[in-house]
Structures are given as C-alpha cells and as structure tokens.
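Since the structure comes first, as structure tokens, the remarks are kept for the end.
We name chains A, B, ... by the order of the sequence lines, and we start the count at 1 in each one.
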There are 2 protein chains.
Amino acid sequence: MKTDTLFKRAYNDALELISRLRQGDILPSENALAAGLRVSRTTVRKVIATLDEQGIVSGAGRHRIISRLVGPASRFPDAETVPAAVQGEKQCMEWMLRGDARAGSLINELELARQFGVATTVIREFLNSFQRFGLIERRPSGGWVLQGFTMSFALELFEIREMFELRSAHAFVDLPGTSPLWEQLQALRREHVALLEEVDARFHDFSDLDSRFHRLVNAAAPNRFIDGFYDIITLIFHYHYQWNKQNERERNEVALREHITYIDALLSRYPSVIELACRTHLASARTTLVRSISN
Amino acid sequence: MKTDTLFKRAYNDALELISRLRQGDILPSENALAAGLRVSRTTVRKVIATLDEQGIVSGAGRHRIISRLVGPASRFPDAETVPAAVQGEKQCMEWMLRGDARAGSLINELELARQFGVATTVIREFLNSFQRFGLIERRPSGGWVLQGFTMSFALELFEIREMFELRSAHAFVDLPGTSPLWEQLQALRREHVALLEEVDARFHDFSDLDSRFHRLVNAAAPNRFIDGFYDIITLIFHYHYQWNKQNERERNEVALREHITYIDALLSRYPSVIELACRTHLASARTTLVRSISN
DNA sequence: AGTTTGTCTCTTATGTACAAAAAACTTTTC
DNA sequence: GAAAAGTTTTTTGTACATAAGAGACAAACT
C-alpha cells in the first residue's frame with residue numbers, strides 16, 4: 001500500500017499556514033491551498049476533511065472558517081512525513097558510506113529491507129537507481145556487490161571532477177557580458193563574503209553554497225552528463241562529510257576563501273588566472289576527501 | 001512468479017551438448033554440467049529431470065546414460081529463453097530510440113507494460129536503471145518524462161566522449177613498454193586489417209570491434225565513471241545504428257581506416273600525432289551520428 | 001463568466017505472495 | 001576420503017493487489 005506521507009506533510013504545513021491566520025477567518029480556496037502546499041487538490045481535500053474532523057475548521061463548501069487554533073502538538077511526527085523510498089535511501093546511504101559494510105561483500109535485499117523496515121521493492125528500487133553512483137554493481141548471476149567508498153573511488157571521482165570543472169570554468173569566460181550568470185556569480189560572491197564573516201556560527205551552511213557555486217559554473221555550458229555527475233559529487237559530500245566532522249570549521253573556511261579567489265578569477269576573465277584558482281581549489285578539496293578516507 | 005527462462009535456455013544448451021555425444025554414453029556429472037551450462041546445480045537437476053521425463057536420458061544417480069538422441073525440434077522456442085527484464089528492456093529501448101514517442105511526453109508505466117506483455121514492475125525497474133543514460137527523467141511528483149534521443153543529447157554525449165577519449169589516449173602513451181596492452185593493441189590492429197580486407201561481407205562486425213577498441217584505450221588508466229559512460233556510448237551505437245542502415249558499409253570502412261591510423265598513432269607514442277588521429281576519428285564519428293539524427 | 005467545489009478516473013508507490021534459482025549442508029558411492 | 005547426488009534453506013525475479021495522489025470533467029456558486 002502506498003504510504004500517506006505526502007498527506008501528513010501537507011497537513012502539518014496546513015497547520016503552520018493556519019497558525020498565521022485568526023480564528024473566524026475564511027479558509028483559502030482548495031486551489032489556493034493546493035498551490036501553497038505544493039500538492040494536488042485531492043490531497044488538499046483530504047487535509048481539509050481531517051481538519052474538519054479535528055474541529056479546526058468548520059462549515060462546508062465555500063463557507064469554511066477556522067474555528068479553533070491549535071498548537072504544534074497536533075502535528076504528525078516528522079518521521080511519518082518522509083516517503084518510504086526516501087527513508088530507505090537515507091538508511092542505505094548511511095549503511096554504505098559509513099563503512100558498516102565491507103567492500104566486495106554481497107548485498108542481501110531481504111536483510112536490508114528488514115533492517116530498515118521497508119519492503120524489498122523499495123530496497124531494490126534504491127539499488128537500481130543507486131547503481132549509477134558506482135558504489136555498487138550488479139552481478140551477472142543476480143544480486144549486488146558492494147564496491148564501497150574506497151580510496152580509488154575517491155581518486156577516480158576527482159579525476160573526472162577536475163576535467164569537468166576546468167572545462168566549465170573555461171566555458172564561463174566565453175559567456176557574453178550580458179549573461180545573467182555574471183550577476184548570479186556576483187550575488188554568490190556576496191553570499192560567500194557574508195558567510196565568511198560569520199563562519200564560526202554558520203559554517204554548516206557552506207555545503208549548500210558549495211553545491212550551488214559549482215552548479216552555477218556548469219550552467220555556463222549545460223551538459224546533462226556533467227549535471228548528472230554533479231549529483232554524485234553532491235551526494236557524496238552531503239553524506240560523507242556528515243560523519244566526518246574533524247576540522248569542519250577550518251576546512252570550510254579554507255574552501256570559502258578558495259571559492260572567493262576562484263570567483264574573482266572568473267570575473268577577471270583571464271583564462272590562466274582561472275585555471276590556477278580552479279586547480280588550487282580542486283587540489284585542496286581532493287586532499288580533504290582523501291585524508292578523511294584514510295582515517 | 002519468477003519465469004523459468006534460465007531453465008529453458010539451459011535445457012536447450014544441454015540438448016546441444018548431448019547431440020555431440022553418442023547413444024549409451026554416460027551423462028557428465030551434475031557439477032560438470034553446471035559448469036558447462038553456466039547455471040547452478042539446482043537448475044541442472046531440473047534439466048536432467050526433464051530429460052529423463054522425455055526419455056532422453058535414463059537411469060538414476062550416477063548411472064545415467066543417454067538413451068535417445070533428439071533433433072532440434074524438441075528445443076524450447078528461443079523467445080522463451082529470455083528473462084522478462086531483458087525482453088522488456090529491449091522493447092523499451094526500441095520504443096525510445098526509434099522515436100515512436102515524442103520528447104517531453106509522459107511515460108505511462110501501465111501502458112508500456114501492457115504493450116510489451118510484462119508486469120509493471122519490470123518496466124519500472126527498467127526505467128530506473130535506464131535513468132542514467134539521460135534519455136528519461138523523473139518528475140518530482142512521480143512519473144517519468146521522456147527526454148528523447150535529440151540533437152542536443154548527441155552533442156552533449158560527444159562533448160564528454162571527446163574529453164574522455166583524449167584523456168585516455170594520452171594516458172596510453174605513459175604505459176610502460178612491458179604492458180600487455182601493447183600486445184593487445186597490436187592484436188586489435190590485425191583484426192582491423194583483417195576486417196578491412198573483407199569489409200564487403202563482414203562490415204556488421206565493426207560495431208563490436210569499435211566497442212572493444214575504445215574500451216582497450218580506456219583500460220590504460222581505468223576509471224569507473226569513464227567505463228560507465230562507455231556503456232552509454234555502446235548502447236546508443238548498438239541500438240541507434242541498428243535502424244540507421246544508410247551507407248553502413250561506407251561508414252564502417254571509413255571508421256576502420258581511422259581506427260588503424262589511430263592505433264598506429266598510439267603505437268608511435270607521439271602525443272601530437274595521437275591527438276590528431278583521435279580528434280579526426282571523433283569528429284567523423286560525431287558527424288555520422290548528427291547526420292543520422294537530422295534525417 | 002470565471003471560480004470553486006464535487007465526483008470520477010487514471011496512474012503510481014509500496015506491500016505481499018510465490019515460483020525459480022542459487023547456495024549451503026548432508027548423505028551416498030566408488 | 002573425495003567427488004557425486006540428495007536435501008534443505010536462502011535469496012531473487014516477477015506478478016499482483018490496493019491505497020494514495022494527480023488530473024479531468026461536471027455541477028454549483030457568486
């Protein structure tokens with residue numbers, strides 16, 4: 001059976017939205033709510049029906065009003081608002097990248113499914129879509145082998161990353177001066193500077209900025225294969241660094257400064273300057289990743 | 001229910017194997033058969049049981065003899081020896097690359113499943129594993145959008161291919177003279193020359209040679225992401241050219257000659273010569289692909 | 001006339017069932 | 001005592017069922 005996590009998230013969001021209104025206010029139309037909660041009207045109607053049952057709204061048709069304001073206690077627990085696939089994915093990722101499993105070992109679908117409390121279908125679908133990240137491989141006779149997040153994986157990943165990044169950085173120079181990307185790059189530079197000023201408190205925000213910056217560089221000459229590759233990078237960095245907290249603040253501060261240098265290089269439009277800044281940043285990113293694996 | 005296509009294939013193979021023996025011969029051991037038919041002993045036992053039922057072998061335990069030789073009529077039809085997943089995959093590929101479907105249109109799992117006579121699970125699994133080829137994309141709200149085999153797809157594909165191929169070609173030069181790859185390259189060159197001599201009759205064999213050559217070049221500096229990318233190339237070429245027969249012989253002959261030049265360049269170990277040969281070949285391969293799309 | 005809601009249909013997500021195939025273990029035979 | 005055959009246990013591939021959610025159309029309201 002399909003899970004109703006989407007409904008539960010929408011319900012929580014609806015409570016949030018209502019809390020900004022007053023008692024007696026008219027409930028927004030179903031279409032408006034659907035747009036606001038980013039779900040279909042079908043789901044909105046289910047949410048409204050539940051709110052009605054709970055006595056939070058009353059009336060029918062287009063005469064619904066908010067009859068009672070409620071606190072956050074009546075929300076569904078956050079854990080129930082994630083679809084099974086996402087939940088399974090998260091746990092699988094953790095299981096793989098944390099190194100609970102050794103490279104070369106076989107993956108047992110049923111065992112994983114039981115361990116993570118989802119159906120085998122979910123695990124299988126995850127494994128299938130996860131194949132492209134190169135961390136697992138299908139055996140000819142069926143089943144999956146774990147390749148694992150090894151040193152060679154990291155090195156091969158970075159080899160490609162360097163090729164792609166240099167290519168995109170050089171393509172950026174060829175953009176016409178009127179391209180909106182230049183303005184976006186300026187904006188991103190300001191965000192970097194702002195983050196650097198409060199780096200002690202906000203260094204966690206770097207990860208997102210990093211991903212956005214590299215994707216912006218790639219936007220200069222879009223290529224679906226490069227975009228797809230950046231999904232891998234983003235995913236690895238997201239999960240891997242989540243569990244490698246050593247020197248996180250320092251690491252991020254260094255990377256922030258390198259990014260700013262790199263952005264300035266792009267803005268200067270001098271190919272040789274860009275190449276230097278790009279290579280410097282990639283080399284230090286590689287060192288960081290490699291070091292975190294060898295520990 | 002799981003299909004017994006594997007058993008049927010093994011049974012056919014077993015008949016083949018038996019036809020090379022004489023009546024009254026002792027049947028090879030289960031383990032030997034398992035190795036020969038490349039299936040598990042469980043499946044071999046099922047094959048033997050069926051052969052027994054059919055009166056083709058008789059006796060029990062280790063005293064089984066071949067009691068009757070049969071013609072090819074008693075084989076299972078070939079169509080029944082392909083697993084559902086492979087069958088679905090083939091038909092899906094055809095449906096996509098032949099352009100029966102327009103880019104941007106939604107993919108209906110149930111409809112495809114009915115059309116190809118398989119369960120929706122099979123279609124879904126195919127779509128999942130096929131995602132990495134960049135021809136389809138998942139919508140946030142569920143479902144799939146067809147991106148299609150368009151011109152921009154081909155151009156983006158070739159951009160990456162050029163980067164990878166040049167990188168590998170240059171890495172090849174750095175191989176020590178003792179590397180077995182040099183000998184393999186020589187062997188491949190001989191195969192090219194042999195094929196060129198009979199190109200009129202055997203031009204179909206080029207496709208396989210092409211794939212092997214490019215994979216050999218990549219073997220100089222293995223990288224799993226590049227290998228994965230070559231799966232896409234191989235797949236596209238395999239299916240796409242299957243339906244674009246125009247000038248096939250001429251196309252392949254040109255490519256064969258380019259390959260030989262390219263191989264000689266590699267053997268010469270002069271980077272500039274290699275780069276030229278490599279670029280020439282890639283440019284002509286790109287032109288060929290692009291032309292086949294615009295028609 | 002254009003929203004808004006009510007109703008119905010179609011599609012997907014996910015759990016479950018079950019046969020096929022693999023793998024592990026046990027007994028037999030030479 | 002080692003290889004072969006017999007037996008049991010696991011695991012995977014595929015079908016199918018069903019609720020959730022999206023979307024289309026019709027009716028009702030302002």
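We find that CZ of A:Arg45 is positioned 20 Å from P of D:dA19, with the value rounded to whole Å. Atom pair A:Arg114:CZ and C:dG15:C1' shows a separation of 15 Å (rounding to whole Å applied). Taking atom CG on A:Leu112 and atom C1' on D:dT11, their separation rounds to 13 Å, with Å as the unit. Regarding A:Leu127, its CG atom lies at a distance of 13 Å from the C1' atom of D:dT11, rounded to whole Å. Here the P atom of nucleotide D:dT9 and the CG atom of A:Asn108 are 17 Å apart, to the nearest Å. Remark: C1' of D:dG21 and CE of A:Met1 are 13 Å apart, rounded to the nearest angstrom. Distance CG (A:Leu110) to P (C:dT16): 12 Å, rounded to an integer number of Å. The CG-C1' distance, from A:Asp4 to D:dT18, rounds to 14 Å in whole Å.
The local environment of CZ in A:Arg22 is sparse, with at most 12 non-hydrogen atoms from other residues, nucleotides or ligands closer than 6.0 Å. Dense packing is recorded around CG of A:Leu69, with more than 12 heavy atoms of other residues, nucleotides or ligands lying under 6.0 Å away.
When distances run from any side-chain atom of A:Lys2 to the nucleotides C:dG15, D:dG21, C:dA19, the shortest one goes to D:dG21. Here the nucleotide nearest the side chain of A:Val122, chosen from C:dT12, C:dT14, C:dA21, is C:dT14. Residue A:Arg124 has its side chain nearest to D:dT12 when only D:dT12, C:dG15, D:dA19 are considered.
The side chain of A:Thr43 places an N or O atom within less than 4.0 Å of a non-bridging phosphate oxygen (OP1 or OP2) of D:dA22.
B:Thr5 comes within contact range of the sugar-phosphate backbone alone, with a heavy-atom separation under 4.0 Å but no base atom that close. Residue A:Ala85 is classed as a sugar-phosphate contact, given heavy-atom separations below 4.0 Å to backbone atoms only. Within 4.0 Å of A:Thr3, counting heavy atoms only, lie sugar-phosphate atoms of the nucleic acid but no base atom. At a threshold of 4.0 angstrom between heavy atoms, the contacts of B:Ile107 are confined to the sugar-phosphate backbone, with no base atom among them.
Along DNA chain C, the nucleotide closest to A:Arg64 and the one closest to B:Glu111 are compared, and the more 5′ of them pairs with A:Arg64. A residue-by-residue look at B:Thr121 and A:Trp144 shows that A:Trp144 has its nearest nucleotide of DNA chain D further toward the 5' end. Along DNA chain C, the nucleotide nearest to A:Gly61 and the one nearest to A:Val118 differ in position, and the one closer to the 5' end is contacted by A:Gly61.
Under the 4.0 Å criterion applied to side-chain N and carboxylate O atoms, A:Arg9 and A:Asp78 are not assigned as salt-bridge partners.
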Task: B:Arg75 vs B:Glu16, salt bridge (charged side-chain N to carboxylate O under 4.0 Å, His left out): CA-CA, chis, key distance, verdict - done: CA-CA 9 Å; B:Arg75 290 165 53 96; B:Glu16 188 77 22; 3.7 Å; yes

Open item on the list: Between B:Arg138 and A:Ser129, is the side-chain hydrogen bond (donor to acceptor under 3.5 Å, both in side chains) condition met? List the steps.
Closed with: CA-CA 11 Å; B:Arg138 208 191 253 283; A:Ser129 63; 6.0 Å; no

- [ ] Take A:Arg68 and A:Ser58 through the test side-chain hydrogen bond (donor to acceptor under 3.5 Å, both in side chains) and record every step on the way to the result.
- [x] CA-CA 9 Å; A:Arg68 182 163 72 87; A:Ser58 57; over 6 Å; no

Open item on the list: Would B:Arg132 and B:Asp231 count as a salt bridge (charged side-chain N to carboxylate O under 4.0 Å, His left out) here? Give the steps.
Closed with: CA-CA 10 Å; B:Arg132 75 192 188 100; B:Asp231 290 346; 3.2 Å; yes

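Using the six-membered ring where Trp is involved, A:Phe164 and B:Phe164 have ring planes that are parallel, under 30° apart on the 30 and 60° scheme.
Residues of residues 6-34 of chain B that place a heavy atom closer than 4.0 Å to DNA chain C, in numerical order, are B:Leu6, B:Phe7.
Put simply, the side chain of B:Ser67 gets close to the backbone of B:Ile56: a donor and an acceptor are under 3.5 Å apart. Between the B:Ser74 side chain and the B:Val70 main chain, no donor and acceptor come within less than 3.5 Å of each other.
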TODO: Summarise how protein sits on nucleotides 23-30 of chain D as a single string, 5' to 3': B when a protein heavy atom is under 4.0 Å from the base, S for sugar-phosphate-only contact, - for no contact.
DONE: BB---BBS

